[in-house]
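FYI, side chains are in, hydrogens and waters are out, and symmetry mates aren't considered; it's all heavy atoms of this structure. A quick note: this is a predicted structure, and the numbers were derived from the prediction, not measured.
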Amino acid sequence: MRGGRHLLPLLLLAVLRGMCHGREPAPGAVTCGSVLKLLNTRHSVRLHSHEVKYGSGSGQQSVTGVEASDDANSYWRIRGKSDGSCQRGTPVKCGQAIRLTHVNTGKNLHTHHFPSPLSNNQEVSAFGDDGEGDDLDIWIVQCSGTYWEREDAVRFKHVGTEVFLSITGEQYGHPIRGQREVHGMPAANHHNYWKAMEGVFIKPSMDPARHDEL
């Protein structure tokens, strides 16, 4: 009996450790500071931007979808709602507010009450300078677990206007022929699922000067 009494606390500790382990972020979680490409799972195109402005609506830098997987203009950096709110290497939680900053131009993924040029949904643009824009650059990550996992298809819901980042297949002509319109839609549906693809993912336990390239 004495041996049984000593064994019980050890068994309880093992169970509690197992329960706690289930709440820890998986190694595949998307983390703050990571640079990645986002694939629309319905239309198989990556979120993209470039120094081409809309000819209507806001006149801001356009955001499109491209089929090519090797285009350098499809990289976006994961940042917090404000400086310091998303520490480098910290796993992004489902329901967390983030900014997506276009790496090559320093502008943030943005939407506002302008009609999109092809589908007449809500225009999505890239806005700001050197990563600083305004409150309409903030998106909520919607996913089913605790953290945004790389293998998960997730949605991005805009905080200011409550639309979802979407693609429905409309294609542009000159000067960005074949690229798809990216826009905001009021309803959650199969057009607004996105998956993390190629990129540089910062590990939570890593030294800030190092990175893990996928």
Run the side-chain hydrogen bond (donor to acceptor under 3.5 Å, both in side chains) check on Thr161 and Gln122 step by step: do they pass? CA-CA 9 Å; Thr161 64; Gln122 185 165 297; 2.8 Å; yes
For the [atom1] atom of [X] and the [atom2] atom of [Y], what is their distance to the nearest 0.5 Å?
X	Y	atom1	atom2	result
Leu165	Leu38	CG	CG	8.0 Å
Ser49	Leu109	OG	CG	8.5 Å
His190	Ser166	NE2	OG	10.0 Å
Lys157	Ile140	NZ	CD1	9.0 Å
Asn192	Thr41	CG	OG1	9.0 Å
Thr105	Asn73	OG1	CG	7.5 Å

Of the non-hydrogen atoms in [X] and [Y], which two are nearest, and what is the gap between them?
X	Y	result
Pro91	Gln96	O-OE1, 4.1 Å
Tyr75	Gly199	CE2-CA, 4.2 Å
Cys32	Gln87	CB-O, 3.2 Å
Ile138	Ala97	CG2-CB, 3.8 Å

Just by modelled atom types, is the [Y] backbone N or O under 3.5 Å from a matching donor or acceptor in the [X] side chain?
X	Y	answer
Thr90	Cys86	no
Ser58	Gln60	yes
Asp152	Val154	no
Thr101	Asn108	no
Asp137	Asp134	yes

Following the transitive rule for hydrophobic clusters with a side-chain heavy-atom cut-off under 4.5 Å over Ile, Leu, Val, Met, Phe, Trp and Tyr, establish whether [X] and [Y] coincide in one cluster.
X	Y	result
Leu136	Leu47	no
Val66	Val182	no
Leu100	Val35	no
Ile176	Leu118	yes

Please confirm whether Arg42 makes a cation-pi placement over Tyr193, using NZ or CZ under 6.0 Å from the six-membered ring centre and within 45° of the ring normal. no
Is there a side-chain contact between [X] and [Y] in this structure, where contact means two heavy atoms from C-beta onward sitting under 4.5 Å apart?
X	Y	result
Val92	Thr31	no
His50	Ser62	yes
Thr64	Arg180	no
Val200	Leu36	no
Cys94	Tyr147	no
Val163	Met185	no
Arg77	His102	no

Considering residues at least two apart in sequence or located in another chain, which fulfil the ring-ring contact (aromatic ring centres under 6.0 Å, His included) criterion with His43? His191
Does the side chain of [X] come under 3.5 Å of the side chain of [Y] through a donor N or O and an acceptor N or O?
X	Y	result
Ser74	His48	yes
Ser44	Glu67	no
Ser125	Gln61	no
Glu181	Ser119	yes

Side-chain ion pair, [X] and [Y], N-O less than 4.0 Å:
X	Y	answer
Glu132	Arg79	yes
Asp129	Lys107	yes
Glu198	Arg46	yes

My understanding is that only one of Trp148, Phe164, Trp76 makes a ring-ring contact (aromatic ring centres under 6.0 Å, His included) with Phe156; could you say which? Trp148
Return each pair, listed once, that meets ring pair (Phe, Tyr, Trp, His ring centres under 6.0 Å) where at least one residue sits in residues 111-146; pairs must be two or more places apart or across chains. His110-His112, His110-Phe127, His112-Phe114, Trp139-His158
